[in-house]
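What follows is a set of notes on a single structure, which appears directly below.
Letters A, B, ... are given to chains in the order of the sequence lines, protein chains preceding strands, and every chain is numbered from 1.
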Number of protein chains: 2
Amino acid sequence: MAEDGTGPESASQWGVPVSVGRQRASGRDAPAGRSERSDAARNRRRVLAAAQALFRDRGVDAVTMDDIAAAAGVGKGTLYRRFGDKAGLAEALLDHREVELQEAILTGPPPLGPGAAPGERLSAFLDAYIDLLDADLDLVAMAERSGARLHAGAYAFWRTHVAALVRAAGSPIDPQVAAHLVLAGVAAELYEHLRRGEGRSRAEITGAVTAVAAAVLASRG
Amino acid sequence: MAEDGTGPESASQWGVPVSVGRQRASGRDAPAGRSERSDAARNRRRVLAAAQALFRDRGVDAVTMDDIAAAAGVGKGTLYRRFGDKAGLAEALLDHREVELQEAILTGPPPLGPGAAPGERLSAFLDAYIDLLDADLDLVAMAERSGARLHAGAYAFWRTHVAALVRAAGSPIDPQVAAHLVLAGVAAELYEHLRRGEGRSRAEITGAVTAVAAAVLASRG
DNA sequence: CCGTGAATCGGACTAGAGTCCGGTTATGGC
DNA sequence: GCCATAACCGGACTCTAGTCCGATTCACGG
């Protein structure tokens, strides 16, 4: 089953290392010593392609790790050594988008990038993050399952960014904790509930989230 | 194994139905038609006592549902029919405390109960809730696993309460959504991370959470 | 071009959550 | 006191995440 080695991986989008925003506990990405073995690289691409296709076709929850391993033509051990667990695999699939947003924040134009006022940058970030969330909700939800949310590499980035904005705005609230609290508002579980469970629109949610964030920045004790 | 029916359940604290704040999807509590069968009531008490003892002795994560069933002297089917799943069992163990807080909010003295200003009531609630969280963190964390958080009966109560306070304070933010966002700040996963992962004190966290909540109430668009 | 050893591979294995259903038992009516 | 029946009981079963380790394969130096 599954195609052969050099097969039809049409839209090849998974390069090597890249990521500023991954790094989970286990499941290495860029081997320390020598460079990545070619079979390992091939299998990584196969797994990601198979996972994406299966998730798309059947929905994230109806796909087991065995399904993915079989479709990719690799053993389960390979899956787990490389991605750590199901959440890690989901995160790998999201890596590209997250890195894009991170780069836009670090070096892009305002208001997302440097230059705008803290309040504007925070609004722009939350808006962009909610875009990402809305586009791949199931994947993000899976990446945040089982307490992985706060330990994913990407989370540390968002948190640092938001904390810096809170501090820059002169809020009296502890910036590190405030950042956690603001980000809690865009947790996948909550967003999914609001969107699908309560039928709220993206705009309603974004409005409330940015309003709360603005209130935090504006707080003067 | 395990003691017999009328055995040493010294501190009997689990009455019948009570709860304003339970009601999960499956796992009935108060049988609709006839009253609860006596053997069912006995088994419910046994299960709760066994679960509490095992959780206390070994820690929540080292106890399996089979362990609890065996210690309680019942089959797994009984466990699951009555409590739905592991999260439901944890919630049942927390029921007593949650009901107490709910009653204090509904009919107790200010600032927790009616009479105080919205800001004070919200602060008092968050403080009391964090007490509950801090006291039984593992249990609350288990009750919120697997997306159960937003669907537990107790959550609906807290949410309605907070929404009412937001509305009463005249905030321009959608009260229902704002309530979700405020409560997201006291999710067990986040609290556990701050407390154990980052070593923050209860006071630091409470301070930031109440400050954010105050900022939401004070928001004027 | 070949030997060497470290990294990778993959499928059998473990463990625990949650489901199912035939047998048993309490309860209310007569 | 007895019967019918609905509810309850419990352990075998399924399903899936995640682990382990012997066999295999690639990358590099000579």
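- Regarding B/Arg46, its CZ atom lies at a distance of 16 Å from the P atom of D/dC8, rounded to whole Å.
- As judged by a 4.0 angstrom heavy-atom cut-off over every strand, B/Thr64 is placed among residues touching the sugar-phosphate backbone only.
- A donor-acceptor contact under 3.5 Å is not formed by the side chain of B/Lys86 with the base of C/dG18.
- Protein atom CE of A/Met65 is 7 Å distant from nucleotide atom P of D/dG18, rounded to whole Å.
- Between A/Asp66 and A/Gly77, the residue anchored closer to the 5' end of DNA chain D is A/Asp66, taking for each the nucleotide with the nearest heavy atom.
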Pair A/His161, A/Gln102 - check side-chain hydrogen bond (donor to acceptor under 3.5 Å, both in side chains), show working. CA-CA 10 Å; A/His161 179 54; A/Gln102 290 171 2; over 6 Å; no

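- As rounded to whole Å, 11 Å separates atom C1' of C/dA17 from atom CE of B/Met142.
- OP1 or OP2 of C/dT8 has not a single side-chain nitrogen or oxygen of A/Thr78 nearer than 4.0 Å.
- Using modelled atom types, one side-chain atom of B/Glu144 and one backbone atom of B/Ala188 make a donor-acceptor pair closer than 3.5 Å.
- Separating the CG atom of B/Asp67 from the C1' atom of C/dA15 is a distance of 12 Å, rounded to the nearest angstrom.
- The interatomic distance linking B/Asn43 (CG) with C/dT24 (P) rounds to 17 Å, in whole Å.
- Considering only the side chain of A/Lys76, D/dG18 comes nearest among D/dA12, D/dG18, C/dG10.
- Between the CZ atom of A/Arg42 and the P atom of D/dA27 there is a distance of 10 Å, given to the nearest Å.
- Following rounding to the nearest Å, A/Leu89 (CG) and D/dG18 (P) show an atom-to-atom distance of 11 Å.
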Take B/Glu198 and A/Arg159 through the salt bridge (Lys or Arg N to Asp or Glu O under 4.0 Å) test and state the conclusion after the steps. CA-CA 14 Å; B/Glu198 298 190 14; A/Arg159 192 250 183 127; 3.1 Å; yes

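- For the salt bridge (charged side-chain N to carboxylate O under 4.0 Å, His left out) with A/Arg97, the qualifying choice from A/Asp131, A/Asp136, A/Asp134 is A/Asp136, the only one to do so.
- Per the geometry, CZ belonging to B/Arg82 stands 18 Å off C1' belonging to C/dG18, to the nearest Å.
- Judged by closest nucleotide on DNA chain C, A/Ala40 is the one of B/Asp39 and A/Ala40 placed further toward the 5' end.
- Using a 4.0 Å cut-off, no side-chain N or O of B/Arg37 falls inside it from OP1 or OP2 of C/dT25.
- Using a 30° and 60° split on the angle between ring planes, B/Phe125 and B/Trp158 fall in the tilted class, from 30° to 60°.
- Dashed line: the shortest gap from a side-chain N or O of B/Arg81 to OP1 or OP2 of D/dC8 is not under 4.0 Å.
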